[in-house]
Amino acid sequence: MDRPDKTMYFLNIALSVAARSTCLRRRFGAVVVKGNTIVGTGYNGAAKGVVNCLDVGCIKNEMDLPQDRAYDYCPAVHAEENAIINSNRADRIGAKLYLSGIDSEGNYTKAVPCQRCRRKIINSEIEEVVVLDDTGQPVTYNVQDWVQEDTDWYKAELEKSRG
């Protein structure tokens, strides 16, 4: 039996958390870790009390919308958002967020945070995000890189709007 390193240990826990997801397309789980202590977890699914896709169907499937866009139609709170909500601010500062996902067929699906989640991660002062890619390998992101990417994106959009 192989003993996983800490990165794979936390990514595998994130996969276990993903099993609670109510999404029909892709299930994601997130684990916030400070030092070696889990301080928050979350999975993607509808807000508390709101009907979810698992029970009534997926509007994005019905409308044949892309998986990684069309968030306005989806009632889900993302795994990263729920992990942040389910943790204390002081515990998130300097922490790592581990994010894993599987598709409807049980295959790994790369779990790169969307722009909305990246902004929440930045403001939470999480320092690093580690995701599981499509092949089951970890990929690490430095959150400070996203600060510059978002700044560059915004300036480019502003410039486009000015003609």
Side-chain angles (χ1 to χ4, degrees), residues 2 4-48 50 52-54 58-61 63-87 91-150 153:
D2 291 330
D5 64 15
K6 289 284 177 122
T7 297
M8 289 309 298
Y9 170 72
F10 290 121
L11 286 169
N12 285 326
I13 291 172
L15 278 175
S16 293
V17 173
R20 289 280 306 148
S21 170
T22 58
C23 181
L24 292 172
R25 287 180 160 204
R26 299 187 301 169
R27 295 174 173 217
F28 293 105
V31 178
V32 179
V33 177
K34 180 82 174 256
N36 286 319
T37 302
I38 295 172
V39 296
T41 65
Y43 53 87
N44 61 319
K48 291 179 183 178
V50 176
N52 64 66
C53 299
L54 195 60
C58 174
I59 192 169
K60 288 172 71 172
N61 281 347
M63 297 174 73
D64 197 29
L65 297 172
Q67 289 186 28
D68 61 344
R69 290 182 293 282
Y71 296 125
D72 291 343
Y73 291 97
C74 183
V77 178
H78 292 181
E80 307 95 296
E81 294 171 308
N82 276 323
I84 289 168
I85 290 165
N86 293 325
S87 61
D91 291 335
R92 290 189 305 265
I93 297 170
K96 289 184 182 183
L97 186 141
Y98 294 86
L99 183 62
S100 298
I102 52 173
D103 65 18
S104 59
E105 296 172 8
N107 301 312
Y108 295 123
T109 184
K110 190 171 183 181
V112 179
C114 68
Q115 190 176 47
R116 179 181 82 191
C117 288
R118 287 181 183 199
R119 289 176 179 156
K120 289 179 177 131
I121 291 166
I122 290 166
N123 277 3
S124 294
E125 298 184 57
I126 290 169
E127 288 184 356
E128 198 171 80
V129 174
V130 182
V131 304
L132 206 55
D133 74 8
D134 292 343
T135 66
Q137 297 301 307
V139 178
T140 302
Y141 296 94
N142 181 326
V143 173
Q144 282 306 304
D145 293 340
W146 292 345
V147 173
Q148 189 59 52
E149 286 175 23
D150 204 35
W153 169 84

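The model shown is predicted, which means the values in this text are computed figures rather than measured ones.
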(message) Can you list everything that forms a ring pair (Phe, Tyr, Trp, His ring centres under 6.0 Å) with Tyr141? Sequence neighbours excluded, please.
(response) Trp146
(request) For the pair Asp91 and Thr37, evaluate side-chain contact (heavy atoms from CB on, under 4.5 Å) and give the outcome as yes or no after the intermediate values. (result) CA-CA 10 Å; Asp91 291 335; Thr37 302; over 6 Å; no
(message) Please give me the minimum heavy-atom distance between Leu99 and Ala111, naming the atom from each residue.
(response) CD2-O, 2.9 Å
(message) According to side chain to side chain donor-acceptor pair (under 3.5 Å), does anything in residues 113-122 pair up with another residue at least two apart or in another chain? List the pairs.
(response) His78-Arg116, Glu81-Arg116, Glu81-Lys120, Gln115-Asp150, Arg118-Glu149, Arg119-Asp150
(request) Write down the atom of Ala30, the atom of Ala79, and the distance for their closest heavy-atom approach. (result) CB-O, 3.6 Å
(request) Look at the side chain of Lys34 and the backbone N and O of Ile93, then say whether any donor-acceptor pair between them is shorter than 3.5 Å. (result) yes
(request) Applying side-chain hydrogen bond (donor to acceptor under 3.5 Å, both in side chains), name anything that partners Asn123, two or more places apart in sequence or on another chain. (result) none
(message) Taking Ala18's backbone N and O only, do any of them form a donor-acceptor pair with Arg27's side chain (distance below 3.5 Å, no angle check)?
(response) no
(message) Side chains of Lys110 and Asp134, heavy atoms from C-beta outward: is any pair under 4.5 Å?
(response) yes
(request) Evaluate the side-chain contact (heavy atoms from CB on, under 4.5 Å) criterion for residues Val31 and Val17: first the C-alpha distance (whole Å), next the side-chain angles of each, then the deciding distance (0.1 Å), finally the verdict. (result) CA-CA 8 Å; Val31 178; Val17 173; 4.3 Å; yes
(message) Just so I know, are the side chains of Phe10 and Ile38 near enough to count as touching, which here means a heavy-atom distance under 4.5 Å?
(response) yes
(message) Just verifying a value: how many Å separate Asp103 CG and Glu105 CD, rounded to the nearest 0.5 Å?
(response) 5.5 Å
(message) Can a donor-acceptor pair be found, under 3.5 Å and without considering hydrogens, that links the side chain of Asn86 to the backbone of Gly40?
(response) no
(message) Strictly distance-based, threshold 3.5 Å: is any side-chain N or O of Ser21 a donor or acceptor partner for the main-chain N or O of Asn44?
(response) yes
(request) Considering non-hydrogen atoms only, spot the tightest contact between Glu80 and Cys114 and give its length. (result) OE2-N, 4.3 Å
(request) Could you pull out the closest heavy-atom pair between Val33 and Ala95, with the gap in Å? (result) O-CB, 3.2 Å
(message) Looking at every non-hydrogen atom in both residues, tell me the closest pair between Cys58 and Arg25 and how far apart they are.
(response) SG-NE, 4.0 Å
(message) With a 3.5 Å distance limit and no angle check, can you tell me whether Asn82 reaches the backbone of Gly45 through a side-chain donor-acceptor pair?
(response) no
(message) Test your reading of the model: is there a side-chain donor-acceptor pair from Arg92 to the backbone of Ser87, 3.5 Å cut-off?
(response) yes
(request) For the residue pair Leu24 and Leu54, establish whether any side-chain heavy-atom pair is separated by less than 4.5 Å. (result) yes
